[in-house]
Trainee: 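Take a look at this one; I'll ask things after.
Bear in mind the structure is a predicted one, so any value in this text is a computation, not a measurement. What you see below is based on every heavy atom in this structure, not just the backbone, and it leaves out hydrogens, waters and symmetry mates. Below, chains carry the letters A, B, ... as their sequence lines are ordered, and counting in each starts from 1.
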2 protein chains.
Amino acid sequence: MVCMRSDKRSVPLSDLTARARIRDAAIERFARDGFGAGLRTVAGDVGVSPALVLHHFGSKDRLRQACDEHVLAQIRTAKSESIVDAGTRSFLEHFATAERYSTILGYVLRSLLDGGPLARAFVQHMIDDAEQYVGAAVSAGLAVPSRDERARSRYLTLSALGAMMLSITLDPPEDLSNLTGFMRRFFAEITLPTLELYTEGFLTTRRMLDDYLLYVGDPPGENAAQHS
Amino acid sequence: MVCMRSDKRSVPLSDLTARARIRDAAIERFARDGFGAGLRTVAGDVGVSPALVLHHFGSKDRLRQACDEHVLAQIRTAKSESIVDAGTRSFLEHFATAERYSTILGYVLRSLLDGGPLARAFVQHMIDDAEQYVGAAVSAGLAVPSRDERARSRYLTLSALGAMMLSITLDPPEDLSNLTGFMRRFFAEITLPTLELYTEGFLTTRRMLDDYLLYVGDPPGENAAQHS
DNA sequence: ACGCCGGCTGAACGAGTGGTTAGCATGGTG
DNA sequence: CACCATGCTAACCACTCGTTCAGCCGGCGT
């Protein structure tokens with residue numbers, strides 16, 4: 001009968017730091033090697049025994065839950081402290097290219113590849129954020145309105161995040177210190193095509209769009225009832 | 001000293017079909033459960049012993065190599081038999097929504113998530129294909145020319161594939177028979193935003209693009225030397 | 001009919017996994 | 001000083017993994 005972590009007051013400082021050190025090491029290790037990394041590896045990173053990791057977190061799933069929560073909290077603070085300036089993918093680019101978020105970014109990317117609940121929460125977070133920001137841009141006359149704003153925000157977010165993770169999966173940096181540089185290179189590569197596509201479009205004729213709009217009865221937009 | 005598979009003439013039919021049956025079962029199992037699936041599971045699917053799998057393929061890595069080669073060959077025939085009609089992502093949509101390719105598509109998606117050599121080959125294949133097709137569209141006056149056609153093709157391909165795999169990762173279908181339906185739903189969801197973005201663009205002003213073009217000396221396009 | 005031979009298997013191995021437990025050392029407290 | 005709680009660990013458990021190997025067994029040639 002091991003003591004459960006029901007109260008943290010009995011071990012005011014050292015236990016918390018040990019927990020935090022193990023959690024941070026787990027985040028880094030998971031970000032580096034994926035969630036298949038063993039508890040022994042994580043324990044070895046902090047220089048403790050594998051049993052201590054289980055002693056603090058109970059199981060590997062709960063360790064990952066703790067990592068997820070901490071990463072999500074870090075993302076929230078990162079978002080609150082990053083004032084969205086001009087540009088569509090401002091928070092994503094800020095978050096992905098900031099050096100101090102490289103570990104968390106790697107963890108998020110692993111989570112996206114794995115498809116856990118953190119991935120869903122993160123993506124939904126980004127979609128909601130994009131919808132709000134795109135709505136503001138439309139209201140300000142900076143962006144073309146869409147017949148289904150929600151679908152567009154979802155599409156833009158999925159495309160941006162998906163391209164990011166696919167690009168990293170195809171050519172993974174060997175360690176996390178190169179991740180920020182990788183992301184900077186990635187954004188540098190996609191900036192021109194993105195801006196071109198966003199301002200000049202891709203097709204020269206409206207035929208395909210009009211055909212589609214004619215083909216479907218009405219687009220499934222709930223906030224754009226009548227159009228065209 | 002087991003006999004190596006140096007010659008296949010000694011066992012003209014039954015060995016080949018056994019190999020093929022194991023390989024196909026492995027492709028299906030890998031597509032369903034990912035590459036972490038065990039050899040015992042694959043062997044159980046065909047009703048043979050795990051040792052036979054190793055007997056035929058030598059190791060799990062070589063089994064996966066065989067799967068990769070077969071899938072790539074299937075993709076090549078799928079591509080050759082699918083006449084690219086109108087539309088940008090024609091082959092991708094045809095391949096992803098065709099019922100008979102659902103297993104291969106699932107394998108490819110797993111491979112993209114895993115980042116193996118097949119993933120790189122497949123993506124490069126798609127990028128080259130997109131570049132050729134986009135080039136034809138530009139020549140025909142159907143598409144707006146880009147300052148860096150290669151970068152644009154790469155960006156469009158990474159975005160489309162990435163959105164696809166991210167969407168599937170976030171909400172995975174329980175079995176492969178639902179995968180085709182999932183892909184159809186996915187394409188139905190992204191068609192409107194894609195067509196809108198491709199024909200109407202997203203931004204209303206050229207400011208961001210012009211600022212970027214002014215900021216960088218010249219875009220790294222090798223086939224579009226002088227511009228603007 | 002006999003022997004060989006090759007496809008195939010059952011059983012095991014060694015490594016590695018998440019998880020459990022008994023116990024050690026240490027430091028604060030009566 | 002004695003005691004006890006506590007952070008921590010070594011050892012172990014059951015399990016899965018890829019892989020190996022001795023050998024079965026049925027068909028085929030002689």
Trainee: Measure CZ/B:Arg21 against C1'/C:dG7 and give the value in whole Å, please.
Mentor: 13 Å
Trainee: Do the side-chain N and O atoms of B:Gln124 and B:Asp128 include a donor-acceptor pair separated by under 3.5 angstrom?
Mentor: yes
Trainee: For the residue pair A:Arg64 and A:Phe35, would you count it as a cation-pi contact if the rule is NZ or CZ under 6.0 angstrom from the ring centre and within 45 degrees of the ring axis?
Mentor: yes
Trainee: Can you tabulate the close N/O pairs, meaning under 3.5 Å, that link protein atoms to atoms of nucleotides 17-19 of chain D?
Mentor:
unit_1 : atom_1 : unit_2  : atom_2 : d
D:dG18 : OP1    : B:Lys60 : NZ     : 2.6
D:dG18 : OP2    : B:Leu39 : N      : 2.9
D:dG18 : N7     : B:Arg40 : NH1    : 2.9
D:dG18 : O6     : B:Arg40 : NH2    : 2.7
D:dT19 : OP2    : B:Lys60 : N      : 2.7

Trainee: Can you measure A:Arg19 atom CZ to D:dC8 atom P for me and round it to whole angstrom units?
Mentor: 13 Å
Trainee: Going by side chain to side chain donor-acceptor pair (under 3.5 Å), B:Arg23 matches just one of B:His56, B:His70, B:Glu69, B:Glu28. Which one?
Mentor: B:His70
Trainee: Hey, what do you get for OH (A:Tyr107) to CZ (A:Arg110), rounding to the nearest 0.5 Å?
Mentor: 12.0 Å
Trainee: Which residue pairs satisfy the salt bridge (Lys or Arg N to Asp or Glu O under 4.0 Å) criterion with at least one member in residues 167-186 of chain B, sequence neighbours excluded?
Mentor: B:Glu99-B:Arg184
Trainee: Given the side-chain rings of B:Phe186 and A:Tyr155, with only the six-membered ring counted for Trp, is the space between their centroids under 6.0 Å?
Mentor: no
Trainee: Separation of A:His56 atom NE2 from D:dT6 atom C1', in whole Å?
Mentor: 11 Å
Trainee: Without decimals, in angstroms, what is the distance between B:Ile22 CD1 and C:dG7 C1'?
Mentor: 11 Å
Trainee: Please report, rounded to the nearest Å, how far the C1' atom of D:dT6 is from the NE2 atom of A:His55.
Mentor: 8 Å
Trainee: Whole angstroms only, please: what is the CZ-P distance between B:Phe57 and C:dC8?
Mentor: 12 Å
